[in-house]
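Letters go in sequence order (proteins before strands), and every chain restarts at 1.
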Protein chains: 2
Amino acid sequence: MLLRTLYFDGPLSRNELTKVTGLSAATVSSMTGDLLAEQIIVEAGQVDSDGGRPRVLLRVDPSYGYLIGADVAETHVRVELFDLDMTERARVEYALRPARHEPELVARHILAGIDVVLADAGVSAGQVLGVGVGVPGIVGPGPEAVVDAKTFGWDAVPMGALLRSGTQLPLFVDNGAKTMGQAELWFGSGRGAGNAVIVLVGSGVGAAMINDGIAFRGVSSSAGEWGHTKIVAGGRSCRCGGRGCLEAYIGAEAILDRAGVPTGKAGWMEEVSQVLDAGGPVVDETIYYLGVGLGSLINLLNPDRIVIGGWAGLLLGERLLPQIRTAAAENALAQPYAAASIVLGRLGPDAVALGAATLVLEDFLNETPLTSRVTAAG
Amino acid sequence: MLLRTLYFDGPLSRNELTKVTGLSAATVSSMTGDLLAEQIIVEAGQVDSDGGRPRVLLRVDPSYGYLIGADVAETHVRVELFDLDMTERARVEYALRPARHEPELVARHILAGIDVVLADAGVSAGQVLGVGVGVPGIVGPGPEAVVDAKTFGWDAVPMGALLRSGTQLPLFVDNGAKTMGQAELWFGSGRGAGNAVIVLVGSGVGAAMINDGIAFRGVSSSAGEWGHTKIVAGGRSCRCGGRGCLEAYIGAEAILDRAGVPTGKAGWMEEVSQVLDAGGPVVDETIYYLGVGLGSLINLLNPDRIVIGGWAGLLLGERLLPQIRTAAAENALAQPYAAASIVLGRLGPDAVALGAATLVLEDFLNETPLTSRVTAAG
DNA sequence: ACATCTTAGTTCAGACCCTCACATAAGCCG
DNA sequence: CGGCTTATGTGAGGGTCTGAACTAAGATGT
């Protein structure tokens with residue numbers, strides 16, 4: 001936890017650490033002593049004295065350990081190696097042919113990728129704190145990390161077990177959209193917010209909710225299904241079988257569909273930009289419906305920040321953030337709206353691997369140093 | 001925390017406590033020893049031995065301390081005294097004349113009520129662990145407990161400070177609907193659920209959300225404004241100024257309004273029962289819209305239990321709970337719906353004082369014994 | 001140049017909480 | 001009535017944190 005503050009609040013002197021953490025100077029001194037001895041943190045210059053002894057700044061050593069993040073996407077498996085500063089040190093990508101998403105193949109790619117990025121960066125496996133994997137679909141809790149992903153034809157795939165057989169490294173598996181939210185929360189636009197809501201608009205529509213720094217997971221870890229919130233009772237029909245779902249208005253396919261653009265053929269995603277650039281009533285309506293959804297979220301959850309992400313969300317936000325803010329204001333109560341700043345995600349749609357690596361980082365910052373870590377995230 | 005398990009999970013032996021809390025037998029033994037010495041807990045019989053030494057059951061002594069709850073309502077101020085079992089020991093009620101809601105008057109009633117219930121039950125002020133107050137409107141955080149309540153004409157009323165000048169007892173002030181939710185969660189239908197959502201339908205519509213045992217408060221403690229979630233974009237206009245809010249369909253006034261019954265005159269609340277008993281499309285629609293709202297909540301929050309409360313919610317639920325369940329199922333995804341049981345509140349609409357007393361209890365169970373408690377809930 | 005002041009960081013005895021290992025209590029069983 | 005079983009109490013010891021006293025390293029003033 002001391003490590004956590006040092007990590008996030010940049011280089012700090014021991015003295016400042018006592019103020020920030022509320023611990024006594026004695027505790028900070030001995031704890032930092034241990035961390036220095038273990039080489040987890042290093043000294044980072046001094047700060048001019050203002051009359052007394054100068055303060056020695058401490059920071060986490062970015063090369064103390066490394067994190068691996070994997071992004072299992074529709075068209076490829078990408079594996080990236082990061083240092084503790086989340087600077088990318090190596091990456092490798094394996095293309096997936098359409099409809100060739102066998103779990104074993106994906107697992108082989110990930111395992112091979114781990115070896116490749118380690119070799120490329122000249123990092124030994126012993127220095128790696130763990131491997132995070134972002135996959136599509138729903139991930140069950142526990143070390144098995146059972147994955148159900150309709151788009152891949154995966155049904156109860158024990159991704160954790162598949163990978164476990166090929167590596168000793170600690171493993172963390174979670175839904176790719178959630179890892180992206182995680183990345184945005186820790187290193188993107190959500191940084192510093194205690195009550196953030198990360199809104200992900202892509203083909204599907206989801207939300208990650210943070211209350212007082214703690215993620216809202218729900219009883220079976222499936223909280224965040226924002227897309228099937230009904231905003232027009234009896235409205236457009238949705239692929240979930242219902243009518244009037246938010247996703248049926250602002251999901252990427254829904255935008256194109258309302259604009260009369262077919263979504264079946266390859267490359268349809270490119271069309272979204274064109275539709276948005278063209279403007280017109282379809283775009284106005286999209287903003288309006290997004291505002292309706294955001295307004296309800298603001299009322300219900302009273303966040304201090306809303307981060308708009310997901311590839312379609314970013315396309316929308318880049319062009320129309322002020323309009324989105326206005327639409328949200330018109331659909332929220334004044335008091336909670338005033339407390340919420342609505343911002344655009346900063347990491348772009350490629351942050352899945354970064355977010356997956358963040359799962360490892362989170363564990364690293366939570367654990368007592370030098371305890372073995374062999375869990376899977378739910 | 002040991003106290004907490006003892007309180008909720010009834011009489012338990014020290015041995016069972018080790019299993020439930022995960023603490024060692026040694027710790028439990030010495031801790032319970034302290035609690036026994038302080039008379040917070042007492043022995044409560046034994047359990048037949050199955051071969052070995054019989055287990056001694058321990059439970060919280062209901063007369064160790066007392067809790068006072070106050071309900072500041074439209075027509076009255078009620079003050080109730082409870083023991084730690086939440087058994088009511090005394091109550092007193094002061095009528096409020098219409099439009100006579102001066103903060104000073106209310107505060108005087110509460111302070112007088114405290115003296116009266118103590119005298120009636122023969123309890124000394126020293127035995128009281130604190131006073132909880134449920135008020136209408138929005139309560140600010142901090143010991144000032146600043147209250148804004150439009151219906152009372154209150155604007156930034158420092159209720160905490162007003163009461164503080166008249167009593168030494170620890171004070172806790174919160175919104176009455178929230179205290180009702182709290183009561184339902186701890187002692188009513190929400191008991192035992194870790195991820196409950198308490199839905200309150202009265203004149204207004206709100207929700208209290210619990211994630212993993214922790215209340216979702218939001219950045220300025222105003223989370224839970226469920227009523228102004230838009231369910232029919234561009235629909236009925238709502239008193240909040242928006243259109244298509246949930247409250248404009250299922251709020252008590254909205255139900256009557258849609259049934260063509262005027263809501264201005266005194267006693268209009270009685271009419272709701274009649275409208276609901278009469279049945280017809282207005283009732284069907286109410287159920288439908290409630291189902292839409294519940295379905296969205298279930299998707300977004302993935303609760304294990306939804307408790308329907310509030311006076312209008314109870315009237316609806318008593319008659320039509322199966323239909324409400326069906327309507328929610330039709331508007332939620334199958335997986336989260338299956339995880340959520342939808343039940344009716346059990347405490348009735350008069351549980352505000354009980355819930356207010358629960359604020360005190362919560363504090364008592366959180367604090368280390370014998371530490372002074374002088375805060376106000378936000 | 002040197003004492004003095006100021007602020008930063010260290011050391012150490014001790015409070016507190018929890019656990020392990022063992023002792024003790026209190027019932028059944030033959 | 002001794003042995004078995006299970007429940008509870010006790011005391012040494014490890015870990016974590018703190019207060020108070022101590023040392024370190026610079027600025028400042030004469």
Subject >> Interatomic distance, A/Gln46 CD vs D/dA25 C1' [rounded to whole Å] >> reply: 9 Å
Original post:
Where along residues 25-34 of chain B does a heavy atom fall under 4.0 Å from DNA chain D?
Top reply: B/Ala26, B/Ser29
Subject >> A/Leu84: which of A/Ile40, A/Asp61, A/Leu361 passes side chain to side chain contact (heavy atoms under 4.5 Å, CB included) >> reply: A/Leu361
Original post:
For A/Arg14, which residues count as a salt bridge (Lys or Arg N to Asp or Glu O under 4.0 Å) partner, sequence neighbours excluded?
Top reply: A/Glu43
Original post:
Rounded to the Å, how far apart are B/Leu35 CG and D/dG9 P?
Top reply: 12 Å
Subject >> Length of the line joining A/Leu23:CG and C/dA8:P, which is rounded to integer Å >> reply: 17 Å
Original post:
Can you tell if the side chain of A/Arg217 reaches within under 4.5 Å of the side chain of B/Asp212, non-hydrogen atoms only?
Top reply: no
Subject >> Partner set under side-chain hydrogen bond (donor to acceptor under 3.5 Å, both in side chains) for B/Gln182, not counting sequence neighbours >> reply: B/Glu362
**OP:** Apply side chain to side chain contact (heavy atoms under 4.5 Å, CB included) to A/Ala223 and list each qualifying residue two or more places apart in sequence or on a separate chain.
**Re:** A/Met209, A/Phe216, B/Asn302
**OP:** Inspect the surroundings of CD in A/Gln39 and state if more than 12 heavy atoms from other residues, nucleotides or ligands are less than 6.0 Å away.
**Re:** no
Subject >> Rounded distance (Å) that lies between atom P of D/dT23 and atom CZ of A/Arg14 >> reply: 18 Å
Original post:
Listed by chain and number, what are the side-chain hydrogen bond (donor to acceptor under 3.5 Å, both in side chains) partners of A/Arg89, not counting sequence neighbours?
Top reply: A/Asp83
Original post:
In this structure, which one of A/Val307, A/Thr179, A/Val343, A/Thr358 forms a side chain to side chain contact (heavy atoms under 4.5 Å, CB included) with A/Glu184?
Top reply: A/Val307
Original post:
Just how far, in rounded Å, is C1' of C/dT19 from CG of B/Leu2?
Top reply: 15 Å
**OP:** Rounded off to whole Å, could you give me the CG-to-P distance for the B/Leu17 and C/dT19 pair?
**Re:** 13 Å
**OP:** Using a 4.0 Å cut-off on protein heavy atoms (strictly under), produce a 5'-to-3' string for nucleotides 2-7 of chain C with B for base contact, S for backbone-only sugar-phosphate contact, and - for none.
**Re:** ----BB
